[in-house]
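Below is one structure; the comments refer to it alone.
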Amino acid sequence: MGLSTRQDTLLLAFTLLCTLVSLGCSLSCEVCNGPEKSCNGKMKQCEPGKDTCVIIVSESHDKGPYVSTVKACMKSRDCHPGYVSTTMGPNNYMVTNTYCCQSDGCNRGSVPPPQYNRTANGLSCPSCVVPFRDTCTTTQLAQCVGRETHCIYLAGRAKAGIISAKFATRGCATESACRAKAGAEVPSASYYYFLHRADCHEASLPGRAEC
Ligand SMILES: *[C@@H]1O[C@H](CO)[C@@H](O)[C@H](O)[C@H]1NC(C)=O
């Protein structure tokens, strides 16, 4: 038996031990963010409790369509793979494609930018976007598009470095957005979001939406 085989066996045994008894061996993920369809960064050890590596590719509207990517560590309970679309107003939307995985460096690759469909589907939701406050009262309706069949109300804090600000937003969302729960910590290219509130209900037909 060669040395490398023995090392492989040891590594395997160690990995198994970590997995089976959760010895607290922490996960390493690639960490980066940028205004592109992908990004490359250093491998970092995740904080305790963050057991998932993530890639989130987003497209939002900011004086035009704007694509960005974040790679980070997350808690598995906060990481929801796949496509999410939200619309807060005619030129205020965000679509994301999320990839979650649970082994060292597993988020080194890239995922396709989210596909989206901006065709109005006849549903609407109370809408608002409020910085620096964590509640928002709505006076407007957002017209839902594509597969957005639900209304969401997200509020909490957005942190960037040492800066932290309250935010609140309401609008249309795909049902997949309802997986977000209060207490979730969600990275993005510009902010780290701490959700204090994540309400979700089915969208109503126009004229019947309650503000
Ligand atoms: C886009 O969304 C509209 C409204 O839900 C739907 O009728 C249409 O089939 C969708 N188009 C595609 C290409 O999915």
Side-chain angles (χ1 to χ4, degrees), residues 33-39 52 54-72 74 76-101 107 109-131 136-156 158 167-182 184 186-191 193 195 197-211:
N33 66 70
E36 301 285 346
K37 286 178 186 170
S38 189
C39 63
T52 295
V54 66
I55 307 174
I56 306 175
V57 188
S58 313
E59 183 177 316
S60 53
H61 194 99
D62 178 26
K63 301 174 194 125
Y66 174 82
V67 176
S68 63
T69 300
V70 61
K71 294 185 181 183
M74 277 184 89
S76 57
R77 65 175 280 261
D78 298 340
C79 199
H80 307 295
Y83 170 81
V84 168
S85 171
T86 57
T87 300
M88 310 307 171
N91 274 325
N92 189 344
Y93 64 84
M94 181 184 267
V95 282
T96 57
N97 192 15
T98 300
Y99 173 76
C100 313
C101 61
N107 65 340
S110 60
V111 294
Q115 298 294 310
Y116 66 92
N117 174 351
R118 311 262 354 127
T119 309
N121 64 17
L123 299 170
S124 60
C125 290
S127 109
C128 63
V129 180
V130 182
C136 67
T137 41
T138 74
T139 51
Q140 292 182 327
L141 290 178
Q143 302 305 318
C144 305
V145 301
R147 287 189 279 141
E148 296 173 353
T149 54
H150 284 67
C151 300
I152 48 161
Y153 186 162
L154 300 176
F167 76 93
T169 183
R170 297 176 71 170
C172 301
T174 47
E175 188 173 11
S176 52
C178 303
R179 293 173 298 177
K181 295 282 179 276
V186 186
S188 80
S190 1
Y191 299 102
Y193 291 101
L195 295 183
R197 172 174 191 162
D199 301 341
C200 189
H201 63 84
E202 273 183 45
S204 38
L205 290 166
R208 294 182 49 210
E210 294 158 38
C211 284

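This is a predicted model, so every value here is computed, not measured. Both backbone and side-chain heavy atoms feed into the values below; hydrogens, waters and symmetry mates do not. Both ligands and their constituent atoms are indexed starting at 1 by order of listing.
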Where is the tightest heavy-atom contact between Glu148 and Ser85, given as atom of each residue plus distance? OE2-OG, 2.5 Å
Looking only at non-hydrogen atoms, find the nearest pair between Tyr99 and Val111 and report the distance. CB-CG1, 3.4 Å
Counting non-hydrogen protein atoms only, what is the nearest one to atom 12 (C) of ligand 1? Give residue, atom name and distance. Asn117 ND2, 3.2 Å
Under 3.5 Å, is there a donor-acceptor pair linking the side chains of Ser58 and Ser60? no
For atom 4 (C) of ligand 1, what's the nearest protein heavy-atom neighbour? Residue, atom name and distance, please. Asn121 CB, 3.6 Å
Less than 4.0 Å from atom 2 (O) of ligand 1, is there any heavy atom belonging to the protein? yes
Can you confirm whether something in the protein, heavy atoms only, sits under 4.0 Å from atom 9 (O) of ligand 1? no
Name the option, out of Ala120, Cys144, Gly146, that contains the heavy atom nearest to atom 5 (O) of ligand 1. Gly146
Describe, in one word, how the ring planes of Tyr93 and Tyr116 are oriented to each other, choosing from parallel (under 30°), tilted (30 to 60°) and perpendicular (over 60°). tilted
In a single word, yes or no, tell whether Cys151 and Cys125 have an SG-SG distance below 2.5 angstrom. yes
